[in-house]
Amino acid sequence: MAKECSFDIVSEYDKQELVNAVDQVKREVSSRFDLKDSNSEINLEADKAITITTCDEMKLRNIYDILQSKLVKRNLSIKILDPQPIENALGGNVRRVYNLKKGLTQELSKKLVSDIKASKIKVQASIQGEQVRVSGKDKDDLQAVIKMLRENADNYDYPLQFQNYR
């Protein structure tokens, strides 16, 4: 019974669901009365960023609200969006780029490892690239770590998923 159990903490999103959500936003923007003639555009740029271009900041906020609702309906966390400053675009329009967060940063990985160690649960956490591997002898301890991280999810700027539980 000395077999080690483990799981990985990662921060990823489903690319196809993201594409579907952006397509739904495009359809809704083209059909909504308040946004119909606003010359608004929303583009997904090679899984790196989402760019919203429209005529004023109020419409920009409306389109962002639509985007958030579509992401949530498709089980994507809105934490994957990293908003950049609003900038002026051609023709008096405004543009905002939302970079997409994927993978754990080094700082977040260190924070996760220190939080796991501070919990005094008998597991080991190690940073492996853009993920954190948690291993221990008891599956109940691993489940306790997952529960603790889910309860403290607001402390982290990235959405966390737990994979390869074995």
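Residue indices begin at 1 and follow the sequence shown.
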Does any part of the side chain of [Y], heavy atoms only, come nearer than 4.5 Å to the side chain of [X], both counted from C-beta?
X: Pro159; Y: Ile80; value: yes
X: Glu107; Y: Lys110; value: no
X: Leu67; Y: Leu81; value: yes
X: Val134; Y: Phe162; value: no
X: Val19; Y: Lys15; value: no
X: Tyr13; Y: Leu71; value: no

[X] and [Y]: same hydrophobic cluster, using ILVMFWY side-chain contacts below 4.5 Å?
X: Leu112; Y: Val10; answer: no
X: Val97; Y: Val94; answer: no
X: Met58; Y: Leu60; answer: no

If I take atom [atom1] from residue [X] and atom [atom2] from residue [Y], how far apart are they, to the nearest 0.5 angstrom?
X: Ile66; Y: Glu28; atom1: CD1; atom2: CD; answer: 4.5 Å
X: Lys139; Y: Arg166; atom1: NZ; atom2: CZ; answer: 11.0 Å
X: Asn155; Y: Leu108; atom1: CG; atom2: CG; answer: 10.5 Å
X: Ile42; Y: Lys70; atom1: CD1; atom2: NZ; answer: 11.0 Å
X: Ile9; Y: Ile146; atom1: CD1; atom2: CD1; answer: 8.0 Å

Over all heavy atoms of both residues, which pair between [X] and [Y] is shortest? Give the atoms and the distance, please.
X: Asn88; Y: Arg95; value: O-NH1, 4.5 Å
X: Gly103; Y: Glu130; value: CA-OE1, 3.7 Å
X: Gln84; Y: Asn99; value: NE2-ND2, 3.1 Å
X: Ala125; Y: Ile116; value: CB-CD1, 4.1 Å
X: Asp34; Y: Arg32; value: OD2-NH2, 2.8 Å
X: Cys55; Y: Asn93; value: CA-OD1, 3.5 Å

Okay, side chain of [X], backbone of [Y]: is any donor-acceptor separation there less than 3.5 Å?
X: Gln161; Y: Glu12; result: yes
X: Lys79; Y: Tyr156; result: yes
X: Arg96; Y: Thr53; result: no

The criterion is side-chain hydrogen bond (donor to acceptor under 3.5 Å, both in side chains); which residues satisfy it with [X], sequence neighbours excluded?
X: Asn20; answer: Gln16
X: Thr51; answer: Glu45
X: Ser40; answer: Ser38, Thr54

Side chain to side chain contact (heavy atoms under 4.5 Å, CB included) between Leu18 and Leu44, intermediate numbers included: CA-CA 9 Å; Leu18 183 66; Leu44 178 62; 3.8 Å; yes
Aromatic plane relationship, Tyr64 with Tyr98 - under 30° parallel, 30 to 60° tilted, over 60° perpendicular: parallel
Single hit among Val145, Asp141, Asp140 for side-chain contact (heavy atoms from CB on, under 4.5 Å) with Gln143: Asp140
Audit row: Leu100, Ile50, side chain to side chain contact (heavy atoms under 4.5 Å, CB included) steps and yes/no: CA-CA 7 Å; Leu100 298 173; Ile50 296 173; 4.1 Å; yes
Residues Lys73, Gln24; criterion side chain to side chain contact (heavy atoms under 4.5 Å, CB included); working and verdict: CA-CA 11 Å; Lys73 284 181 184 174; Gln24 284 183 330; 5.8 Å; no
Derivation of the side chain to side chain contact (heavy atoms under 4.5 Å, CB included) call for Arg74 and Asp14: CA-CA 9 Å; Arg74 296 199 158 267; Asp14 187 347; over 6 Å; no
